[in-house]
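The structure under discussion appears below in the form of structure tokens.
Indexing begins at 1, ligand by ligand and atom by atom, following the structure's order. Owing to the predicted nature of the structure, the values given are computational and were not obtained by experimental measurement. Basis for what follows: all heavy atoms, side chains included, without hydrogens, waters or symmetry-related copies.
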Amino acid sequence: MTIAQPLGMHHVTAIATDPQRNVDFYREVLGLRLVKQTVNYDAPDTYHLYYGDEAGHPGTILTFFPWPNAPRGRRGTGQATTTAFSVPEGSLGYWQQRLRARGVEIIEQATRESDDVLALADPDGLRLELVAHPGDRRAGWPDGPVPVEHAVRGLFGVVLTEGAMEGTDAMLRERLGFQVVEEAPGRTRYGVGDAAPGRVVDVVADPRGQQGLTAAGTVHHIAWRAPDRDIQRAWREALVEAGVTVTPIIDRQYFESIYFREPGGVLLEIATDPPGFTRDEPLLELGRRLRLPPWLEPRREAIEALLPPLKLGELGDDAGDSPAGETDSTQ
Ligand code: ZN
């Protein structure tokens, strides 16, 4: 039997608190483009913010539900505990300086397998990594505040922390078409296709670890790419046949989605590549104003009244990272 295989990661969705602080960090510090301002379709009094490269290509997307009053979550088993972005080889010096200049604490520096890694936390405590990996051919966002030679290329992968490996391992290999590409003590890397950045997931075993609590500063779910609806539908049928509980196909406007849990508890999604973020606004204008799906448009006024207004600050060029510019930027 051939197993459908994702093209790679589609997006990661996490929980934040203050939407303005979230926007400022991901746009101005990490230099991602805000490619969509919309609402959580299941709770339209909350934003759903999407960040990515210029067009928000699948595999570059990190999204947030900012719930201003969400309690702080706890990283632990049954969760995606790290979201890693790919940056060009040789860029970590630049990033160290950039983060330091903006008061972002670097919580770990490591060399893992052959990759250099910087770990940091976003303002809500979400653990992020920047992984310098040679040969990521994705373009990054050429018009962002980070010079394109250092800009984030897209997602590198995620780390799943699991109390037990067996069920997760079986789902990744037997239902999702992953292969083991690297093994280190307590940590296994799985990949699809060429296992390039954006096509890997690491599973860390933590048999005595506490279960994670999904709230602010933690990942809500991770999504893998299906090239189109037909493949997604076939994949759904195969999962159902294998006894996995899967949602119906849900219209998310910019992609269509199915959701299910892996045996360790992490919520997974399979999302289609089309139609993408230019479905309801042109490329040049992505993310500038609130977009609602047709079924919520009649309630726009009420929804806008409930959402805190967002200010998109000017994205300066990167002069702020020269030593003189750093002084300027703190004034
Ligand atoms: Zn999702």
Side-chain angles (χ1 to χ4, degrees), residues 6-16 19 22 26 32-44 46-53 55-67 70 73 78-85 122 124 126 128 154-160 171-172 176 192 198-199 201 212 214-229 231-233 235-236 239 244-262 264-277 279-280 286-287 291-293 296:
L7 298 173
M9 297 210 72
H10 191 287
H11 63 268
V12 172
T13 292
I15 301 172
N22 186 259
Y26 285 96
L32 304 181
R33 185 174 187 195
L34 178 67
V35 291
K36 194 65 65 182
Q37 281 188 51
T38 184
V39 292
N40 180 336
Y41 297 166
D42 305 317
T46 314
Y47 279 114
H48 193 181
L49 304 175
Y50 291 77
Y51 304 92
D53 68 359
H57 287 110
T60 71
I61 309 161
L62 175 62
T63 97
F64 285 91
F65 300 130
W67 278 301
Q79 275 184 336
T81 49
T82 298
T83 302
F85 286 103
D122 87 352
D124 286 297
L126 183 73
L128 305 172
L155 291 168
F156 181 87
V158 291
V159 177
L160 307 184
M171 177 163 273
L172 287 172
L176 300 176
V192 283
R199 297 189 179 132
V201 54
T214 302
T218 65
V219 170
H220 186 269
H221 65 267
I222 63 172
W224 297 97
R225 293 171 58 189
D228 58 45
R229 298 180 68 160
I231 291 176
Q232 182 186 55
R233 191 171 301 119
W235 211 343
R236 183 179 183 282
L239 286 165
V244 180
T245 304
V246 190
T247 66
I249 294 172
I250 300 173
D251 181 7
R252 296 302 188 198
Q253 283 296 291
Y254 312 107
F255 42 86
E256 289 184 280
S257 300
I258 57 172
Y259 302 84
F260 53 100
R261 282 187 196 275
E262 57 85 26
V266 180
L267 184 60
L268 303 180
E269 171 183 352
I270 293 173
T272 54
D273 276 9
F277 295 107
R279 176 179 182 166
D280 58 359
L286 290 182
R291 295 286 164 179
L292 296 174
L296 291 177

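Taking a cut-off of 2.8 Å, the protein N, O or S atoms nearer than that to the Zn ion (ligand 1) are His11 NE2, His221 NE2, Glu269 OE1.
A heavy-atom distance below 4.5 Å is not found between the side chains of Tyr41 and Ile250.
Applying the 6.0 Å contact sphere to CZ of Arg229 captures no more than 12 heavy atoms from other residues, nucleotides or ligands.
Using a cutoff of 4.0 Å between basic side-chain nitrogens and carboxylate oxygens, Arg252 and Asp42 are scored as salt-bridged.
Residues forming a salt bridge (Lys or Arg N to Asp or Glu O under 4.0 Å) with Asp280 (at least two apart in sequence, or on another chain): Lys36.
Thr218 contributes no side-chain N or O that, together with a main-chain N or O of Gly73, makes up a donor-acceptor pair within less than 3.5 Å.
Using cut-offs of 30° and 60° for the angle between ring planes, the Phe255 and Phe277 rings count as perpendicular.
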